[in-house]
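Have a look at the structure below before the remarks.
Residue numbers begin at 1 in each chain, while the letters A, B, ... track the order of the sequences. All values below come from the heavy atoms of this structure, side chains included, with hydrogens, waters and symmetry mates left out.
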Number of protein chains: 2
Amino acid sequence: MYTDYTCRYLSEHLSSEIRHTRRVNSRALSHEFSRQERKQRTRQALMDSALALLENQSFSSLSLRQVTRAAGIVPTAFYRHFDDMEQLGLALIDESFRTLRAMARAVRADPRTNERMIHNSVEILIEHVHQHDNHFRFVARERFGGVAALRHAIGAEVRLFASDLATDLARLPGFESWTTEDLQSMASLMVATVVSTAEAILEASSADLAAEAEIKETARRQLRMITLGVAQWRSATPTAAPADGGA
Amino acid sequence: MYTDYTCRYLSEHLSSEIRHTRRVNSRALSHEFSRQERKQRTRQALMDSALALLENQSFSSLSLRQVTRAAGIVPTAFYRHFDDMEQLGLALIDESFRTLRAMARAVRADPRTNERMIHNSVEILIEHVHQHDNHFRFVARERFGGVAALRHAIGAEVRLFASDLATDLARLPGFESWTTEDLQSMASLMVATVVSTAEAILEASSADLAAEAEIKETARRQLRMITLGVAQWRSATPTAAPADGGA
DNA sequence: GTAGTCTGTGTACATCTGTGCACTGAGTTC
DNA sequence: GAACTCAGTGCACAGATGTACACAGACTAC
């Protein structure tokens, strides 16, 4: 009866050499790193391994065992770091949005004219998408994915992102008198454009430079259309939203 | 050794009564329906069951056995209808985009003024999203989901959808002289807005009328901003795209 | 009516999964 | 240096999964 089970684990044990070479905390290191530091290191290894695996599958189909196998630890050790796969997912969202906020800061640090701002923003966006494609892919994939907790966490972060953008826009010359709703609409329109641009880049990716150039150009054109549209919008309706054609 | 396996199947066999009551092709029907018809019927039952299950999970985590269990057939019978779960997924995409095209037709069948067109389009969109929320949810979830084949199939359909919209727009008064790129940009901007609106509706859904009204209003505002933007765009750049601020 | 076709059944099995439990041994604290 | 902590191990197990195979029996074609 037990031979059955030993057999089941054969494939997993066969890769134990690989596991040893990949092991994040070599026994030889001994006193070189503190226990805390090493724990943090395997935690990061779990997150990195998960993110790498998520390149080709969605979170809901990612198993605890896959992650621990890739990270080079035994399945049960997972629980020393996370209660749950869901907790791992939330940690990944945290990490992902940290890089997204870094991007937003990079954009803000570039206060030029409107035209240049769009140009630069798109440039910085594409650069960041390439640099942290794993994070972007993960967020894009799970934004409407199968795990409710992750979906909601991402939704909250995206709304926060749009709000930040709205308050940023409010500070720009010419936007002082805008209503909150209009600013929010514009901001979320821009965020939607940015999101779909990022997703397009991720889909096209892997050395298709022509496609990428077109995506960039489309994104710029769209953002310009939006700014032109909102300018027109304000001059057409000086105080509030227009009566929707009499409806 | 074998007792182990019989035990494993216990839970599945316990629900066999349910399966019998749900059985799509009752033996008693006999000559009432042709064999072909009945085959088509279980095929549809598989697709419906899958779509229902996909409300709460992503396709990559949906198992063949779950689907057959819900459809009321034995796992191995699945292969009489599809080679593969992937084929089921592609069939679902086909079905989903048939309803989407029906929606587009409904919008086109409403040739009123620009303002009214936006108002009506959003109305029709939300109505369709509610009516076929399963299809919309599935497409939204798998558009950037874990299964490459589905992702690509959906991408192709969405591009087709945007192209159709672009040619539609080209026929409207005032758009005759537009370049293909500008029309495509505008169309995909609109599609992106529509998509994110549909996704917002799906997320908010379940009787939150206030949120839904706001989503509608935001969608209308955004679409109007876009049309205003492109109008401005054309008058600002009579022949081609403007030089991007000297870049 | 007989022979053939084909959808659905039932059993088997290898493989995967999450997680409980007792353990080891290096790192830390006193 | 003795006592304690705790990240990582190893084994066990129950349950789920995809799919091969032989079979049943209702529909179909002759």
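Following rounding to the nearest Å, Leu62(A) (CG) and dG18(C) (P) show an atom-to-atom distance of 9 Å. In this structure, His81(B) atom NE2 and dT9(C) atom C1' are separated by 13 Å, rounded to whole Å. The interatomic distance linking Gln40(B) (CD) with dC6(C) (C1') rounds to 16 Å, in whole Å. The CZ atom of Arg43(B) sits 17 Å away from the C1' atom of dG8(C) (whole-angstrom rounding). Atom P of nucleotide dT15(C) and atom CD of Gln66(A) are separated by 17 Å, given to the nearest angstrom. If you measure from atom CG of Leu64(B) to atom C1' of dA20(D), you get 13 Å, rounded to the nearest angstrom. At whole-Å resolution of the value, CE in Met85(B) and C1' in dA16(D) are 14 Å apart. Atoms OH (Tyr79(B)) and C1' (dC21(D)) sit 13 Å apart, rounded to a whole Å.
Distances were taken from every side-chain heavy atom of Arg65(A) (C-beta onward) to each of dA20(D), dA12(D), dC27(D); the shortest belongs to dA12(D). The listed nucleotides are dT28(C), dG18(C), dG8(D); the one nearest the side chain of Ser63(A) is dG18(C).
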What pairs of donor and acceptor atoms, side-chain ones from residues 79-92 of chain B against any protein atom, are under 3.5 angstrom apart with sequence neighbours left out?
| unit_1 | atom_1 | unit_2 | atom_2 | d |
| --- | --- | --- | --- | --- |
| His81(B) | NE2 | Thr42(B) | OG1 | 3.4 |
| Asp84(B) | OD2 | Glu86(B) | N | 3.2 |

Check: residues 47-58 of chain A side-chain donor-acceptor pairs under 3.5 Å, at least two apart:
| unit_1 | atom_1 | unit_2 | atom_2 | d |
| --- | --- | --- | --- | --- |
| Asp48(A) | OD1 | Gln44(A) | NE2 | 3.0 |
| Ser49(A) | OG | Ala45(A) | O | 2.6 |
| Gln57(A) | OE1 | Ser61(A) | OG | 3.4 |
| Gln57(A) | NE2 | Gln66(A) | OE1 | 2.9 |
| Ser58(A) | OG | Ser60(B) | OG | 2.4 |

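Under the 3.5 Å distance criterion, with hydrogens and angles disregarded, a donor-acceptor pair is assigned to the side chains of Ser188(B) and Gln222(A).
Side chain of Arg151(B) to main chain of Gly145(B): a donor-acceptor pair is present (N/O by atom type, distance under 3.5 Å, no hydrogens or angles).
Environment of CD in Glu95(A): crowded, with over 12 heavy atoms of neighbouring residues, nucleotides or ligands closer than 6.0 Å.
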For nucleotides 3-6 of chain D, give me every protein contact, N/O to N/O, under 3.5 Å, one pair per line with atom names.
| unit_1 | atom_1 | unit_2 | atom_2 | d |
| --- | --- | --- | --- | --- |
| dT5(D) | O2 | Arg35(A) | NH1 | 3.1 |
| dT5(D) | O2 | Arg35(A) | NH2 | 2.7 |

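Taking 3.5 Å as the limit, the base of dG10(D) and the side chain of Thr76(A) contain a donor-acceptor pair of atoms between them.
You'll find the side chain of Phe144(A) stays beyond 4.5 Å of the side chain of Leu202(B), heavy atoms only.
A cation-pi arrangement is present between Arg41(B) and Phe33(B), with the terminal nitrogen or guanidinium carbon under 6.0 Å from the aromatic centre and inside a 45° cone about the axis.
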